Structure formats: C-alpha cells, structure tokens
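All remarks here apply to the structure that follows.
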Amino acid sequence: MERKQPGKRQHGFTLIELLVVLVILGLLASLAGPKVISYLGGAKSDSAKLQIEEFGASLDLFKLETGRYPTTQEGLQALVQAPPGISGWNGPYLKKKMVPKDPWGNEYHYESPGQHGAYDVYSLGADNKEGGEGENKDLTSW
C-alpha cells in the first residue's frame with residue numbers, strides 16, 4: 001500500500017488552466033475560421049472554372065468527330081449520350097459519363113451558337129443569378 005505523504009503535491013491541470021487553454025483555442029478558431037471559409041468559397045469557384053475548361057475540351061473533341069458543336073437543345077448531355085441522327089459520335093466525352101452540376105448544385109448553362117463564340121458555357125455562381133461579386137460571380141467559358 002502506498003500512502004500519501006503530507007506536503008507532496010499531485011501533478012495535473014487545474015480547472016482554471018484548462019479554461020485558459022480553451023479560451024485561447026477559441027480565439028485562434030475565431031481568427032482562422034473566416035479565412036478557412038473564404039478559401040472554401042474560392043475553391044468552389046476554381047472548381048467551376050476547371051469544369052468549364054473540361055467542357056470546352058470535350059466540346060472541341062465532339063466537334064472534331066461529328067463536324068459540329070451540340071445544339072442548345074441537345075445541350076451538354078450530348079457529351080455523354082449520342083443525340084439522335086448524329087454520325088461520328090464516339091463518346092462519351094466526359095470521364096464520369098455524366099454531366100456534373102456546378103459546385104453549388106446548379107446546372108451549367110450551355111448555348112450554341114453562343115453570344116461570345118461558337119458556344120457559351122457558364123455558371124451563375126452561388127446565388128444562381130446573373131452578375132454578382134465574390135462567390136456569386138458568374139464563371140464563363142469566354
């Protein structure tokens with residue numbers, strides 16, 4: 001049996017010390033949190049830009065093999081499923097064999113012929129409305 005000797009102190013943290021550590025961690029989280037969230041928003045915009053570039057490469061391959069870009073009515077779905085009555089289609093032209101939605105869960109917009117080129121592919125950003133700043137900014141292929 002071991003006896004406690006008077007005057008010998010046990011080692012450990014006091015409640016005050018633990019509370020001070022929690023307050024410091026809370027302050028650090030409040031300073032770093034907004035930065036992390038802004039990086040997350042930027043990552044979604046970057047992801048949408050990359051997807052639009054991938055659509056561009058796939059649309060160019062579609063045109064190379066079929067002689068034309070998909071019509072607005074055929075849309076981006078023509079990259080994963082052959083439109084009726086088209087010859088030379090050798091798809092699917094997208095890796096996942098499906099048309100992805102933008103990072104905010106909305107459909108990408110496609111027009112051919114486009115107002116800015118042979119085709120226009122764009123996302124309206126987080127708010128899904130034309131215009132906007134920051135995360136709500138429109139992301140386009142032109």
Side-chain angles (χ1 to χ4, degrees), residues 2 4-142:
E2 202 175 304
K4 287 187 179 178
Q5 296 178 357
K8 194 171 188 184
R9 190 167 179 219
Q10 291 191 359
H11 299 285
F13 295 107
T14 66
L15 182 58
I16 300 276
E17 291 170 330
L18 289 174
L19 288 174
V20 167
V21 169
L22 289 175
V23 167
I24 291 170
L25 289 174
L27 288 172
L28 288 174
S30 68
L31 293 173
K35 271 290 194 205
V36 170
I37 290 173
S38 71
Y39 286 131
L40 179 62
K44 285 186 176 184
S45 295
D46 291 344
S47 175
K49 287 177 191 174
L50 290 172
Q51 283 180 329
I52 289 172
E53 287 177 17
E54 181 183 353
F55 287 139
S58 299
L59 287 164
D60 290 341
L61 185 57
F62 180 97
K63 182 181 181 194
L64 184 67
E65 293 183 349
T66 64
R68 66 173 179 85
Y69 288 110
T71 65
T72 301
Q73 291 75 29
E74 293 168 342
L76 296 173
Q77 191 62 32
L79 298 175
V80 293
Q81 185 177 6
I86 194 165
S87 62
W89 192 89
N90 195 25
Y93 298 98
L94 297 175
K95 290 180 185 178
K96 294 188 178 180
K97 299 178 185 171
M98 60 175 261
V99 179
K101 293 188 178 205
D102 72 12
W104 301 279
N106 304 311
E107 300 288 334
Y108 282 98
H109 299 269
Y110 173 77
E111 296 172 7
S112 178
Q115 297 177 0
H116 303 277
Y119 61 85
D120 292 346
V121 180
Y122 58 97
S123 167
L124 296 176
D127 64 354
N128 203 28
K129 295 179 184 172
E130 287 190 25
E133 296 293 322
E135 201 172 330
N136 295 330
K137 182 180 176 184
D138 298 347
L139 304 161
T140 64
S141 61
W142 58 91

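Only a predicted model underlies this, so the values are computations on that prediction, with no experimental measurement involved.
- Here the NE2 atom belonging to H109 is positioned 12.5 Å from the OG1 atom belonging to T72, to the nearest 0.5 angstrom.
- Under the 3.5 Å distance criterion, the side-chain polar atoms of T66 are left unmatched by any main-chain donor or acceptor of W89.
- Judged by distance alone, with hydrogens and angles left aside, the side-chain atoms of S123 form a donor-acceptor pair with the main-chain N or O of G125 at under 3.5 Å.
- The closest side-chain donor-acceptor pair between W104 and E135 falls under 3.5 angstrom.
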(request) Step by step, work out the side-chain contact (heavy atoms from CB on, under 4.5 Å) result for V121 and W142. (result) CA-CA 8 Å; V121 180; W142 58 91; over 6 Å; no

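- Annotation for D120 and Q115: closest pair OD2-N, 2.8 Å, computed over non-hydrogen atoms.
- Atom CG of L18 sits in a crowded spot, with more than 12 heavy atoms from other residues, nucleotides or ligands closer than 6.0 Å.
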(request) Quick one: do L59 and L79 satisfy side-chain contact (heavy atoms from CB on, under 4.5 Å)? Show the steps, please. (result) CA-CA 7 Å; L59 287 164; L79 298 175; 3.9 Å; yes

(request) Please report the C-alpha distance between L50 and E53 in whole Å, then the side-chain angles of each, then the deciding distance to 0.1 Å, and finally whether the side-chain contact (heavy atoms from CB on, under 4.5 Å) criterion is met. (result) CA-CA 5 Å; L50 290 172; E53 287 177 17; 4.1 Å; yes

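- Salt bridge E74/R68: present, at least one basic N to carboxylate O contact under 4.0 Å.
- For the side-chain hydrogen bond (donor to acceptor under 3.5 Å, both in side chains) with Y122, the qualifying choice from E111, H116, E130 is E111, the only one to do so.
- Put simply, CG on L76 and CG on L94 are 8.0 Å apart, with the number rounded to the nearest 0.5 Å.
- Here the CG-CG distance, from L139 to D46, works out to 9.0 Å after rounding to the nearest 0.5 Å.
- In terms of heavy atoms, A118 sits closest to S112 at O-OG, 3.3 Å.
- In this structure, E17 places its CD atom where more than 12 heavy-atom neighbours from other residues, nucleotides or ligands lie under 6.0 Å away.
- The structure places CG of N128 at 7.0 Å from CG of D102, a figure rounded to the nearest 0.5 Å.
- In terms of heavy-atom proximity, Q51 sits nearest to P103 at OE1-CD, 3.9 Å.
- For N136 (side chain) and D127 (main-chain N/O), a donor-acceptor pair under 3.5 Å exists by modelled atom type.
- Ring planes of F55 and Y108: perpendicular class, angle over 60° (limits at 30 and 60°).
- Rounding to the nearest 0.5 angstrom, the gap separating the CD atom in E65 from the CD1 atom in I86 is 10.0 Å.
- Between S45 and K137, the closest side-chain pair of non-hydrogen atoms is not below 4.5 Å.
- One finds the OH atom of Y110 at 10.0 Å from the CD atom of Q73 (value rounded to the nearest 0.5 Å).
- A78 and F62 make their closest contact through O-CE1, 3.5 Å (heavy atoms, listed as atom of the first residue, atom of the second, distance).
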